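Input: a single structure, listed below in structure tokens.
Chain letters run A, B, ... following the sequence lines, proteins first and then strands; every chain starts at 1. Basis for what follows: all heavy atoms, side chains included, without hydrogens, waters or symmetry-related copies. Quantities reported herein were computed from a predicted structural model and do not represent experimental measurements.
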Amino acid sequence: MKTQGEDSSAFGTPELRTHFIRNRIREDVAAGRNDGRVITRFPPEPNGFLHIGHAKSICINFGMADEFGGSTNLRFDDTNPEREEALYYERIMEDVRWLGFDWQALHHASDYFEQLYGFACELIERGLAYVDSLSAEQMREYRGTLTEPGRASPDRDRAIAESLELFKRMRAGEFSDGSYTLRAKIDMSAANINLRDPILYRIRKIPHHRTGDRWCVYPTYDFAHGISDAIEGITHSLCTLEFEDHRPLYDWLLDHISIDCHPQQIEFARGNIDFTVLSKRRLKRLVTEGHVDGWDDPRMPTLAGLRRRGYPPLAIRRFWESVGVSKSESIIPMIVLENAVRDELNERAPRSMAVLRPLKIVLSNFPADETRWLEVPLHPQREEMGTRRIAITREIYIEQDDFMLDPPGKFFRLKPGGEVRLRNAFIIRCDEVVTAADGSVDHLVCSFDPDTMSGLPGASRKVKGTIHWVSASHGKRATVRLYDRLFSVANPTADRDTDFIEHLNPQSLETIDDAVIEPDLAAQPSGHQVQFERTGYFAVDPDSTPEQPLLNRTVSLRDSWAKIAQS
RNA sequence: UGGGACGUCGCCAAGUGGUUAAGGCACGGGGUUUUGAUCCCCGCAUUCGUAGGUUCGAAUCCUACCGUCCCAGCCA
């Protein structure tokens with residue numbers, strides 16, 4: 001298996017941080033356990049899109065196997081036809097690949113239904129499972145509570161032959177949904193509720209998207225998961241903390257059936273991120289209730305959304321690697337993720353200039369009919385990326401924010417009578433402010449100093465500020481979408497009495513229709529990433545066309561001026 | 001009130017009886033810069049949830065307490 005993790009610079013520092021899972025696997029390999037093999041699996045349920053939280057699990061599962069020369073299986077945990085849909089399979093595979101990982105084998109828990117059924121029969125034969133006729137409600141009563149032990153079902157001592165017969169008839173479709181279940185016979189008084197005779201099979205007369213109507217009994221997660229791991233020869237079954245309580249059951253099952261593989265389940269803490277939600281249920285609500293524009297809305301923390309937003313997959317991988325792996329629950333500031341994205345994009349995004357909110361400038365001493373072409377670098381620190389040509393003309397646009405009539409002292413940009421450098425060009429002076437009838441600034445008349453053109457000796461003259469610009473006649477109109485955090489509070493689900501929907505940030509999307517970009521950019525394909533100098537990183541949206549360019553802001557640049565201006 | 005787990009700098013997180021208690025992000029200060037970006041320096045826990053105890057020596061061992069999370073789906 002080859003992944004991007006093997007790229008030379010994939011993880012800037014050769015030293016990967018140590019964490020308990022990495023240590024544990026290292027020990028296992030060193031001790032020669034499993035003949036030194038490391039085989040993991042990533043087991044999504046096909047009932048929604050993958051999000052940044054899943055990416056952590058993907059990185060750990062694929063990453064560990066990769067690191068120790070092992071392999072990883074992608075396995076769809078499709079044991080519940082009631083909640084799963086065929087359309088998700090393809091999207092999930094696409095997202096895993098997008099992150100740069102490839103699986104050794106593709107499996108489905110449903111591929112093992114026949115074997116699973118066989119193991120269930122074996123448990124019955126050994127007197128370790130029985131068919132129960134308790135209703136869901138009765139079962140809840142019999143189960144006891146957190147502090148009181150449960151009671152044995154009247155069917156607990158059903159004869160083996162009878163259970164076997166009933167289980168066959170369950171499979172044959174002779175009984176209705178909910179009338180019978182198959183339960184493991186473990187310990188109704190166990191302090192761990194998962195061991196109070198957990199359900200192994202339930203009747204669901206619903207067609208399965210892969211097995212059709214061949215089955216009407218379906219195994220539960222607990223029964224199917226560990227056995228599927230064992231069937232595939234998984235060595236390390238890495239999952240999240242909420243399954244810690246299930247490990248005794250995972251082990252019990254594998255200890256009581258005839259299978260010669262016993263993977264080790266190891267649990268790690270999920271990674272939460274502030275100002276967003278990471279649960280399929282909640283994300284689904286955002287989509288179905290129309291609060292966002294689909295699973296791949298760039299504001300969504302789904303991998304599909306982040307991809308459309310312009311997040312590089314490598315940034316996501318480095319982010320999780322930098323966060324580390326532990327067992328303590330954490331909420332990671334969104335800014336950490338954004339910085340990982342900035343680091344990655346700073347390295348390789350070509351530079352461009354774009355004016356989001358145009359203010360026209362007339363260069364009074366620039367010939368009206370002249371276009372001067374400038375050869376400028378695509379990246380200030382990486383010459384090998386080459387150059388681009390941009391046009392400068394008598395009329396240009398600058399950013400409205402880069403001009404102030406009466407600015408505070410620390411303002412380094414343009415003001416009446418002041419000078420500023422036009423990036424990649426020359427120094428201009430603001431000679432005249434032309435106001436509109438309503439008193440607002442209509443445009444500026446400026447003169448430029450030809451001696452200060454980039455490349456000329458006079459270019460060394462220093463002025464306080466440098467601003468970006470685009471030729472009014474050569475620039476192209478574009479729509480730009482500026483995204484902000486989806487929620488206005490750090491932890492939208494903290495308060496159980498308030499619907500998280502109420503915390504949605506009404507300003508999470510701002511669409512600007514009359515931005516002006518360098519014309520070459522309009523022809524770039526969907527997904528193309530650039531840095532608009534002084535503004536941020538942007539990605540060409542899939543809906544963009546050369547006639548109607550559409551760009552999404554991935555993340556802004558760090559802005560220390562914003563901090564100064566605020567205070 | 002049962003069981004499982006977790007509490008080390010604002011946020012993550014190394015550390016498993018003897019270290020000046022790593023590192024990253026954030027933050028503060030300085031330098032370079034035709035992006036107030038990037039980059040580069042420097043600073044940033046006498047202290048490890050609390051209280052006792054063991055020890056020549058503890059974040060690391062013991063005891064008690066406090067706090068947070070998960071578990072009573074025929075979900076995963």
Side-chain angles (χ1 to χ4, degrees), chain A residues 13 15 17-19 43-45 47 77 79-80 82-84 132 134-136 139-141 143-150 177-183 190-196 198-204 218 220-222 224-225 239-248 267 269 271 274 280-281 322-333 335-337 339-340 342-343 346-347 351 353 376 379-381 410-413 420-427 452 454 459-468 531-536 556-565:
Chain A
T13 40
E15 299 249 339
R17 52 186 313 144
T18 163
H19 61 240
E45 185 188 12
N47 69 341
D77 236 329
T79 56
N80 186 351
E82 202 166 26
R83 25 184 283 151
E84 292 148 13
D132 198 349
L134 250 33
S135 69
M139 188 124 16
R140 195 180 325 121
E141 285 162 15
R143 187 156 34 225
T145 68
L146 294 179
T147 52
E148 303 155 19
D177 286 16
S179 55
Y180 287 102
T181 57
L182 179 72
R183 303 177 70 182
N192 181 344
I193 290 178
N194 292 302
L195 263 18
R196 317 239 264 232
I199 290 172
L200 270 20
Y201 269 89
R202 70 288 217 192
I203 301 172
R204 279 280 174 288
Y218 293 96
T220 55
Y221 163 85
D222 283 312
H225 197 85
C239 63
T240 45
L241 248 32
E242 69 269 28
F243 294 106
E244 219 157 13
D245 283 350
H246 295 244
R247 181 157 26 96
E267 312 85 9
D274 64 7
K280 274 193 243 182
R281 200 191 101 244
S322 78
V323 162
V325 180
S326 76
K327 296 189 72 159
S328 62
E329 325 217 351
S330 58
I331 301 180
I332 299 127
I335 194 171
V336 177
L337 210 208
N339 279 329
R342 289 187 178 107
D343 286 347
N346 176 51
E347 276 292 308
R351 309 293 132 120
M353 293 197 285
V376 307
H379 189 114
Q381 281 84 230
K410 289 273 200 176
F411 188 77
F412 299 156
R413 284 112 95 151
V420 77
R421 173 173 287 283
L422 291 184
R423 174 83 168 146
N424 294 128
F426 38 59
I427 294 171
T452 60
S454 296
S460 59
R461 180 152 82 85
K462 302 292 179 201
V463 286
K464 272 290 196 183
T466 297
I467 62 174
H468 59 277
Q531 182 199 94
F532 286 154
E533 290 190 294
R534 303 210 312 129
T535 303
S556 65
L557 254 34
R558 281 196 191 85
D559 186 0
S560 54
W561 163 245
K563 286 177 196 163
I564 298 167

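Rounding to whole angstrom units, NZ of residue A:Lys327 and P of B:rG15 are separated by 14 Å. Atoms CG (A:Leu195) and P (B:rG4) sit 12 Å apart, rounded to a whole Å.
A:Val325 comes within 4.0 angstrom of the backbone, heavy atoms only, and of no base. Among the heavy atoms of the strands, none lies under 4.0 Å from A:Ile467.
Between the P atoms of B:rA64 and B:rG2, the separation comes to 14 Å (whole Å). Comparing the C1' positions of B:rC44 and B:rG29 gives a spacing of 11 Å, expressed to the nearest Å. Comparing the C1' positions of B:rG67 and B:rG49 gives a spacing of 7 Å, expressed to the nearest Å. When the P atom is used for both B:rU55 and B:rU8, the distance is 29 Å, rounded to whole Å. Between B:rC42 and B:rG15, the two C1' atoms lie 26 Å apart (nearest whole Å). Separating the C1' atom of B:rC71 from that of B:rU1 is a span of 15 Å, rounded to the nearest Å. For the C1' atom pair drawn from B:rU46 and B:rG57, the interatomic distance equals 16 Å after rounding to whole Å. Rounded to the nearest Å, the gap between the P atom of B:rU54 and that of B:rA59 is 16 Å.
For B:rG52, the glycosidic angle deviates from 0 by more than 90°, giving an anti base.
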- Query: Which parts of nucleotides 31-39 of chain B does protein reach within less than 4.0 Å, heavy atoms only, written one letter per nucleotide 5' to 3' as B for base, S for sugar-phosphate only and - for none?
  - Reply: ---BBBBB-
- Note on the structure: Going 5' to 3' through nucleotides 67-76 of chain B and flagging B where a protein heavy-atom sits under 4.0 Å of the base, S where only the sugar-phosphate is that close, and - otherwise, we get --SBBBSBBB
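Every residue meeting the salt bridge (charged side-chain N to carboxylate O under 4.0 Å, His left out) condition with A:Arg247, not counting sequence neighbours, appears here in chain and number order: A:Glu267. Legend: residues meeting salt bridge (charged side-chain N to carboxylate O under 4.0 Å, His left out) with A:Glu84, ordered by chain and number and at least two apart, are absent. Residues satisfying the salt bridge (charged side-chain N to carboxylate O under 4.0 Å, His left out) criterion with A:Arg143, sequence neighbours excluded, are absent altogether.
Side-chain contact between A:Leu422 and A:Met353 is absent, with no heavy atoms from C-beta onward closer than 4.5 Å.
The two residues A:Leu557 and A:Phe532 have their closest heavy-atom pair at CD2-O, 4.4 Å.
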Every protein N/O lying under 3.5 Å from an N/O of nucleotides 18-21 of chain B:
none

